[in-house]
Amino acid sequence: MNGVAFRTCPLCEATCGLEITVKDGAVTRIRGDRDDVFSKGYICPKGSTLKQLHDDPDRLRLPMIKRGDRHEVVSWDEAWREVERGLMGVIAAHGREAVATYLGNPTAHNLSAMTFGRVALQGIGTKQRFSASTVDQMPKQVAAGYMFGSPVTVPVPDLDRTTYLLMLGANPYASNGSLCTAPDFPGRIEAIRERGGKVVVVDPRRSRTAEAADEWVPIIPNGDGIFLAAIVNVMFAEKLAGVGSHIAHHVNGLTEVEVALARFTPEAVERACGVDAATIRKIAREIAAAPSAAVYGRIGTTTVSFGTTTSWLVDVVNTISGNLDREGGAMFTLPVAGSANTRGNPGKGRGFRIGKGHTRVKGHPEVMGEYPVAALADEIATPGSGQLRALVTIAGNPVLSTPNSAKLDAALASLEFMVSIDIYLNETTRHANVILPPPSHLQRDHYDLLLLPFAVRNVANYSEAVLPREPGQWDEWEILAKLATIVQGAGVDADHSIADNLAIASMVNNAVRDAGSNICGRDPEEILAELSRDGRRGPARMLDFMLRTGPYGDAFGAAPDGVSLDMLRAHPHGVDFGALQPRIPEVLRTESGKIELAPPELVADLDRLWSHVEEITSPVDGRDLLLVGRRHLRSNNSWMHNIEVLVKGKPRCTLQMHPTDAATRGIANGQSVTVSSRVGRVSAPVEVTEDIRPGVVSLPHGWGHGVAGTQMRVAGEYAGVNSNVLADEDALDPLSGTSVLNGIPVSISL
Ligand SMILES: Nc1nc2c(c(=O)[nH]1)N[C@H]1C(S)=C(S)[C@@H](COP(=O)(O)OP(=O)(O)OC[C@H]3O[C@@H](n4cnc5c(=O)[nH]c(N)nc54)[C@H](O)[C@@H]3O)O[C@H]1N2
Ligand SMILES: Nc1nc2c(c(=O)[nH]1)N[C@H]1C(S)=C(S)[C@@H](COP(=O)(O)OP(=O)(O)OC[C@H]3O[C@@H](n4cnc5c(=O)[nH]c(N)nc54)[C@H](O)[C@@H]3O)O[C@H]1N2
Ligand code: SF4
Ligand SMILES: [Mo]
């Protein structure tokens with residue numbers, strides 16, 4: 001094929017449009033698509049490396065089976081037979097609850113996984129589900145669930161219209177943003193300042209984002225909860241609080257919040273959060289006085305022990321400052337392909353609960369149908385009834401991404417059977433009996449089903465595969481459907497399109513019976529026939545259904561100008577449905593039909609939060625420093641380190657340390673030191689820098705390559721160390737099961 005193709009970058013949450021030139025079947029150039037309705041030509045250094053990723057000789061093209069301590073390439077047929085033997089063997093001997101699943105981050109950027117991941121999980125039929133959510137955003141989802149009734153109803157800062165942005169624990173100059181889909185996030189921040197607004201960044205490190213802001217507030221790690229509690233306190237005490245007439249009738253619990261936070265005065269919390277009372281008061285007054293303001297918290301506020309309560313307080317400040325659901329404040333996207341908050345009864349629902357089950361060994365509650373990944377190693381390694389014997393990983397590398405990695409690494413080695421759907425033989429998949437590789441990112445269709453619902457504009461963008469699949473290569477949805485078919489006991493020869501047909505039929509049947517659907521009462525057969533015309537199947541068929549029944553959908557003819565997959569195909573640069581619009585009360589799914597500003601589960605956590613105020617910040621057993629993480633623009637969690645152009649140059653896996661901390665310990669720049677926590681130790685070179693708060697050190701995650709049995713040559717040359725060897729699997733936010741990955745007590749030895 002020759003020509004130019006347009007495609008959304010699937011690597012991070014920014015969803016940039018790419019312009020890809022193809023000559024004689026090979027990609028010759030990738031640059032930003034200037035006509036993309038959302039990204040307008042913006043691209044970061046990772047976007048153009050989709051070509052290198054596609055060409056990477058280490059990227060798996062064929063399945064592998066582990067024989068002894070080596071992986072050998074096998075045919076798909078052989079791989080499927082081994083999957084059946086292994087998984088059905090474990091199920092026959094120990095039942096379905098002996099099989100665990102782990103879904104990694106790239107599933108969120110993958111149309112196949114977003115549509116057929118569920119099909120695979122239902123096929124496996126286990127409640128032992130784990131994912132990267134509990135080392136990431138789960139606290140935001142739990143807080144949103146309690147406040148707004150659905151865990152997908154997370155408000156996003158209205159970046160393009162706000163006049164004041166308070167950002168905590170996020171570094172979009174490196175990450176390009178998260179749970180706030182905004183291509184060229186840095187440019188959007190700069191625009192706030194250009195139009196006379198103000199940007200304040202709260203972070204123990206002077207990140208690139210902090211550098212670009214008007215003000216850097218160097219907080220003590222895990223201090224954000226009490227810092228925000230004090231901001232709320234000031235707003236009430238100084239009579240600055242007011243939810244605004246636009247939502248006043250839709251808020252429960254305003255007085256309860258005021259009372260519950262009465263003790264969190266700036267003077268009470270300043271020592272524990274490291275931000276002086278005067279600064280806290282000033283920021284509270286600035287937010288209240290700003291024509292519009294948005295508070296936004298991310299990884300540094302969620303992967304801490306008060307993640308959920310902090311995420312709640314972010315939106316309490318947004319609400320009581322009158323900025324929730326209004327232009328320039330914190331708003332709700334209206335997703336084109338629909339979501340849980342566009343379905344069902346507008347304005348009312350069943351609310352949100354956790355704890356439908358508990359983990360066997362340590363009793364952690366279920367949250368959103370899964371258990372904390374921090375519990376996975378114990379559940380595998382602890383003998384007894386209910387012990388996990390098999391694991392299926394889909395696009396995940398938990399050995400580098402999750403706490404007490406050394407323990408998990410050992411536990412994976414003890415499994416009876418493991419299957420990984422992955423493109424690399426890496427630190428995690430080296431334990432897999434079978435690895436099933438999906439096609440490369442350029443060989444698949446794309447739509448950001450999970451990320452566009454958190455975008456700062458209402459947009460839709462569908463892209464078709466740029467390169468064809470190699471003969472015999474299974475698409476990722478087919479791998480997932482086949483896995484579901486096999487694990488349901490249908491045998492390796494059964495046709496996986498049965499799983500596809502059943503799944504779409506069930507979606508259609510539910511919609512025609514749903515009073516809130518735009519196809520309620522229609523003939524399901526007619527809808528199915530229309531969807532399947534021209535042989536359409538798989539994720540494209542499901543996406544077409546979601547678009548047409550979504551808030552802008554064509555309702556299968558009832559709204560002829562509405563959206564369908566064909567309509568998006570005719571718009572390769574995407575379709576922009578405009579800036580965010582107010583959605584309260586329609587977006588709410590609480591039982592009361594109101595915003596619950598003081599959910600009992602969160603108010604109850606305030607005693608624990610208060611104990612943090614009183615805690616003397618003295619060293620724990622000599623561990624006198626707090627470790628935090630960081631990201632780099634040219635990196636992507638653990639898995640893009642095999643691309644030379646991204647990893648070459650100065651080593652990035654360094655331990656950042658303030659000059660005072662280095663001097664008191666006699667440490668020179670570049671010197672290698674040992675970092676120890678309760679659970680492990682690693683050695684890393686020190687990078688002495690003023691850009692970090694004294695008492696805090698920073699090591700990035702996702703490194704620690706070059707392990708025996710992996711096949712990632714470049715990553716092995718830039719191995720670095722695995723920071724999650726230091727993360728404690730027992731340190732969790734109890735409300736969401738999310739691990740403490742920031743603010744880990746550590747000590748340094750030479
Ligand atoms: N200390 C510390 N730890 C952290 C974090 C932190 O900030 N600090 N961040 C946490 C966060 S936010 C996250 S999201 C997690 C990530 O945790 P994980 O999702 O477990 O890890 P990733 O590094 O994203 O690994 C992705 C895996 O998917 C594979 N892959 C890539 N693309 C595809 C694809 O299209 N299909 C398939 N099947 N496989 C694919 C890669 O080869 C790799 O094995 O890490 C968490 N861990
Ligand atoms: N280049 C690149 N982009 C990525 C990724 C990547 O690995 N590389 N990963 C993607 C993923 S999966 C995610 S979830 C997003 C994450 O996106 P972000 O949330 O923006 O994550 P980070 O860039 O790690 O920024 C987190 C910041 O929190 C600070 N911090 C640490 N502890 C605390 C604390 O207690 N309080 C406060 N206030 N700050 C603290 C850290 O110093 C750091 O600057 O990025 C995504 N984009
Ligand atoms: S910012 Fe994210 S979406 Fe945009 S080009 Fe870079 S990796 Fe791709
Ligand atoms: Mo993440």
Side-chain angles (χ1 to χ4, degrees), residues 8-16 18 32 39 42-48 50 53 59 102-110 112-113 131-133 135-137 167-179 183-185 201-205 207 209-210 217 219-224 227 297-304 310 373 393-403 420-424 426-429 436-441 444 476 479 626 628-640 692 696 698-702 723-724 726-727 739 741-744:
T8 307
C9 176
L11 295 174
C12 89
E13 297 181 40
T15 72
C16 300
L18 304 177
S39 64
Y42 179 82
I43 184 173
C44 88
K46 292 185 296 300
S48 64
L50 285 178
L53 188 58
R59 185 176 60 79
Y102 175 83
L103 269 59
N105 171 270
T107 58
H109 306 259
N110 181 325
S112 281
S131 85
S133 288
V135 280
D136 189 349
Q137 83 294 345
M167 205 174 344
L168 308 100
N171 183 14
Y173 276 69
S175 69
N176 276 295
S178 179
L179 276 184
D184 192 14
F185 206 128
V201 172
V202 180
D203 195 310
R205 294 185 317 115
S207 64
T209 308
V217 180
I219 198 164
I220 293 175
N222 200 19
D224 303 80
F227 168 78
R298 216 28 207 103
I299 279 288
T301 61
T302 56
T303 51
V304 291
T310 305
V373 68
T393 69
I394 306 174
N397 193 3
V399 168
L400 293 192
S401 313
T402 71
S420 290
I421 302 178
D422 207 285
I423 54 174
Y424 283 115
N426 64 16
E427 300 75 20
T428 294
T429 62
L436 305 164
S440 93
H441 298 74
R444 47 172 97 150
E476 187 147 11
I479 296 174
L626 292 173
V628 299
R630 66 177 188 271
R631 281 174 165 75
H632 191 285
L633 184 60
R634 304 179 81 88
S635 191
N636 199 10
N637 294 320
S638 77
W639 70 277
M640 288 190 69
I692 193 160
V696 181
S698 166
L699 189 64
H701 75 286
S723 70
N724 281 319
L726 300 168
S739 292
L741 305 173
N742 283 295
I744 301 170

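Whatever order the structure lists ligands and atoms in, that order sets their numbers, starting from 1. Just so you know, these numbers come straight off a predicted model, no measurement behind them.
Inter-residue side-chain proximity for Ser39 and Thr15 is flagged as unmet; no heavy-atom pair is nearer than 4.5 Å. Between His441 and Pro106, every side-chain heavy-atom pair lies at or beyond the 4.5 Å cut-off. Residues Tyr42 and Asn176 are in side-chain contact: their nearest non-hydrogen atoms beyond the backbone lie under 4.5 Å apart. Between Thr209 and Asp203, every side-chain heavy-atom pair lies at or beyond the 4.5 Å cut-off. Two residues are said to be in side-chain contact when any heavy atoms from C-beta on lie closer than 4.5 Å; Ser178 and Gln137 fail this criterion.
Protein N, O or S atom count below 2.8 Å of atom 6 (Fe) of ligand 3: the structure gives 1.
A side-chain contact (heavy atoms from CB on, under 4.5 Å) with Pro221 is found for exactly one of Ile744, Val696, Asn742, namely Val696. The only member of Asp422, Ile394, Ile421 that meets side-chain contact (heavy atoms from CB on, under 4.5 Å) when paired with Leu436 is Ile421. The residue from Asn724, Val373, Leu741 that alone fulfils the side-chain contact (heavy atoms from CB on, under 4.5 Å) condition with Thr402 is Val373.
Under the side chain to side chain contact (heavy atoms under 4.5 Å, CB included) criterion, Thr428 pairs with Thr393, Asn397, Pro398, Val399, Leu412, Met418, Asn426, not counting sequence neighbours. Applying the side chain to side chain contact (heavy atoms under 4.5 Å, CB included) criterion to Thr302, with sequence neighbours excluded, gives Pro139, Lys140, Arg298, Ile299, Ser311.
If you number the atoms of ligand 2 from 1 as listed, the ones under 4.0 Å from a heavy atom of Pro221 come out as 34 (C), 35 (O). In summary, the atoms of ligand 2 found under 4.0 Å from a heavy atom of Asp224, numbered by their order in the structure, are 34 (C), 35 (O), 36 (N), 37 (C), 38 (N). Every atom of ligand 2 with a heavy atom of Val202 under 4.0 Å away is listed here by number and element: 37 (C), 38 (N), 39 (N). Residue contact check: Asn222 has heavy atoms under 4.0 Å from atoms 34 (C), 35 (O) of ligand 2. Each of the following atoms of ligand 2 lies closer than 4.0 Å to a heavy atom of Arg205: 41 (C), 42 (O), 43 (C), 44 (O). Close contacts between ligand 2 and Pro204 involve ligand atoms 30 (N), 33 (C), 37 (C), 39 (N), 40 (C) [criterion: under 4.0 Å to a heavy atom]. Ligand 2 places these atoms under 4.0 Å from at least one heavy atom of His632: 1 (N), 2 (C), 8 (N).
For ligand 2, the polar-atom distance check against Lys46 finds a nitrogen or oxygen pair separated by under 3.5 Å. Here's the thing with Thr301: none of its N/O atoms is less than 3.5 angstrom from an N/O atom of ligand 2. For ligand 2, one of its N or O atoms has an N or O atom of Leu633 under 3.5 Å away. By the 3.5 Å distance cut-off applied to N or O atoms, Cys12 is not counted among the residues near ligand 2. Of the polar atoms of Arg634, none of the N or O atoms is found under 3.5 Å from an N or O of ligand 2, judged by distance alone.
The shortest heavy-atom contact between Gly629 and Arg205 is O-NE, 3.8 Å. The two residues Pro439 and Arg59 come nearest to each other via the heavy atoms C-NH1, 4.2 Å. The shortest heavy-atom contact between Leu400 and Ser638 is CD1-CB, 3.8 Å. Of all heavy-atom pairs spanning Gly396 and Tyr102, the tightest one is CA-CE2, 3.6 Å.
When heavy-atom distances to ligand 1 are checked against 4.0 Å, the residues falling inside are Tyr102, Gly104, Asn105, Pro106, Asn110, Ala132, Val135, Asp136, Ile299, Ala395, Gly396, Asn397, Pro398, Ser401, Ile421, Asp422, Ile423, Tyr424, Asn426, Pro438, His441, Arg444, Glu476, Arg631, Asn637, Ser638, Trp639, His701, Ser723, Asn724, Leu741, ordered by chain and number.
Side chains of Arg631 and Asn637: a donor-acceptor N/O pair is present below 3.5 angstrom, by distance only.
With a 4.0 Å heavy-atom cut-off, ligand 2 is reached by the side chain of Ile219 but not by its N, CA, C or O. In Thr15, the part holding a heavy atom less than 4.0 Å from any atom of ligand 3 is the backbone.
Note: Trp639 and His109 fail the aromatic proximity criterion, with ring centroids not under 6.0 Å apart.
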